[in-house]
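Notes follow once the structure below has been shown.
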Amino acid sequence: ITPNNQSNMKKLTVHRELEFSYASCYAKNGTPIANSPTSIGFTNPLSDKVDEITTLVKEYIEKNGYDFEKVRDYTYSLWPDELEGNVRDNRKTILDFMEIGADGYSGAKAVVRKRIKDVFDQFPPTRQEYCFKKITIYRKGEKLDDEFYLLISPMIVWTERVYEKSLFYNRYEGCMIRFDSYEEWDNSNTLLYDPVQITLPAKYRDLQVIHLCRSIFVSDGLKKKLWSEVCQTYEIDRATGYEFGYELLFDE
């Protein structure tokens, strides 16, 4: 840690009364919940296309500012209909919900079986903040027979978070902290701070799917439906593709 970073940390308000075991954020019945590994990778030349989409979306936001609906429409317009991917790890089973190695700005978040898409389809979003595109998946050169879909959901960028109402765990000092603004967080050594509770503006409350950089959240009703219908697979594999490591809240 550089002296400058230490100086930045001293400027932060440390809420020691909120201190608690960080491991509890990741535990279920005493056992840490494992997130799904990056199990699927795009085949070439699609992987190059993803890099292009990422760059174009970043440039669009830098030029036009961040408006969720406009970024959503622009992101979707860049995606081709013919998609292929490869299983990257050595799992014995293919999960129902698998993360995919793609930058958050591209919107590509996960590959799901049809059974997952069917659950999503029972909860039509009030605003179409996500979409599914069919994707062919290969494992060791062989095409998998199951029907898979790529879940695409535009990322809600860092600047949209309500930092004064969010909580982060400071791994250096071993306590919880809040930031007064995005600028304060951005000027700190961000690698030291793990999110524990993220608050977003109220305008995002009605979204069924919320994509925050490396994490994806679903509405309570959708999450309960997913667990009730496919919980056996989730329990056996101990990996869901969802990151339950921190809580998502909304501003008033």
Side-chain angles (χ1 to χ4, degrees), residues 26 32-58 72 75-121 123 125 128-156 208-218 222-223 225-227 229-245:
Y26 292 89
I33 297 177
N35 293 319
S36 173
T38 303
S39 299
I40 303 295
F42 288 117
T43 58
N44 289 323
L46 183 58
S47 58
D48 294 332
K49 179 66 175 178
V50 175
D51 292 338
E52 178 187 342
I53 292 173
T54 295
T55 300
L56 290 173
V57 173
K58 285 182 178 178
R72 172 202 66 192
T75 302
Y76 291 168
S77 72
L78 299 174
W79 275 93
D81 292 327
E82 299 296 325
L83 305 177
E84 291 186 344
N86 289 312
V87 177
R88 282 182 165 178
D89 58 65
N90 295 316
R91 281 186 177 274
K92 294 180 180 180
T93 58
I94 301 297
L95 300 180
D96 290 319
F97 192 116
M98 297 176 286
E99 289 191 5
I100 191 159
D103 188 279
Y105 282 94
S106 73
K109 183 56 192 176
V111 169
V112 304
R113 289 185 191 267
K114 185 178 183 299
R115 65 188 295 196
I116 297 293
K117 180 180 180 296
D118 289 344
V119 175
F120 272 75
D121 288 345
F123 288 79
Q128 192 63 38
E129 73 274 11
Y130 65 87
C131 72
F132 290 99
K133 282 184 174 287
K134 198 167 185 178
I135 182 170
T136 301
I137 300 298
Y138 296 88
R139 187 174 192 176
K140 295 181 179 179
E142 295 186 5
K143 178 182 174 181
L144 298 182
D145 293 332
D146 289 20
E147 198 169 314
F148 294 96
Y149 292 85
L150 176 67
L151 170 60
I152 301 173
S153 180
M155 183 177 73
I156 298 176
Q208 292 289 343
V209 171
I210 293 176
H211 179 182
L212 298 178
C213 192
R214 299 179 183 87
S215 305
I216 190 167
F217 296 85
V218 297
L222 181 55
K223 183 162 62 177
K225 187 71 172 176
L226 282 167
W227 275 88
E229 294 208 358
V230 296
C231 63
Q232 184 175 5
T233 300
Y234 288 92
E235 290 293 329
I236 292 174
D237 286 296
R238 301 296 296 171
T240 67
Y242 298 109
E243 298 187 24
F244 293 114

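Keep in mind it's a predicted model, so treat the numbers as computed, not measured. Numbering starts at 1 and runs along the sequence shown.
Inter-residue side-chain proximity for L46 and P80 is flagged as met; some heavy-atom pair is nearer than 4.5 Å. Put simply, the side chain of M155 reaches to within 4.5 Å of the side chain of C213, judged on heavy atoms. Taking the side chain as every heavy atom from C-beta outward, I216 and L151 approach each other to under 4.5 Å. Taking the side chain as every heavy atom from C-beta outward, T55 and D51 never approach each other to under 4.5 Å.
Using bins of under 30°, 30° to 60° and over 60° for the plane-to-plane angle, the ring pair F132/F120 lands in the perpendicular bin.
A search for salt bridge (Lys or Arg N to Asp or Glu O under 4.0 Å) contacts involving K133 returns D81, not counting sequence neighbours. In this structure F148 satisfies the ring pair (Phe, Tyr, Trp, His ring centres under 6.0 Å) test with no other residue, sequence neighbours excluded. Under the salt bridge (Lys or Arg N to Asp or Glu O under 4.0 Å) criterion, D118 pairs with K114, not counting sequence neighbours.
Between atom CD of residue E147 and atom OG1 of residue T136 there is a gap of 10.0 Å, rounded to the nearest 0.5 Å. From I210, atom CD1 reaches atom OG of S153 across 8.5 Å, with rounding to the nearest 0.5 Å. Remark: L212 CG to F217 CZ distance equals 5.5 Å, nearest 0.5 Å. With values rounded to the nearest 0.5 angstrom, Y76 atom OH is found 6.0 Å from Q128 atom CD. With values rounded to the nearest 0.5 angstrom, K117 atom NZ is found 10.0 Å from K134 atom NZ.
With T43 contributing its side chain and N86 its backbone, the two residues share no donor-acceptor pair below 3.5 Å. A distance-only check finds no donor-acceptor pair linking the side chain of Q208 to the backbone of E129 [under 3.5 Å].
K225 approaches V119 most closely through the heavy-atom pair CG-CG1, 3.5 Å. Nearest heavy-atom pair, Y130 versus F123, reported as atom, atom and distance to 0.1 Å: OH-O, 3.5 Å. Among all heavy-atom pairs drawn from I100 and I40, the shortest one is CG1-O, 3.2 Å. When every heavy atom of S106 is checked against every heavy atom of I152, the shortest pair comes out as O-CG2, 4.4 Å. Among all heavy-atom pairs drawn from K109 and S215, the shortest one is NZ-N, 3.7 Å.
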Requested in this report: Would you please test Y149 and I116 for side-chain contact (heavy atoms from CB on, under 4.5 Å) and show each step?
Outcome: CA-CA 9 Å; Y149 292 85; I116 297 293; over 6 Å; no
Report task. Quick one: do D48 and E52 satisfy side-chain contact (heavy atoms from CB on, under 4.5 Å)? Show the steps, please. Result -> CA-CA 6 Å; D48 294 332; E52 178 187 342; over 6 Å; no
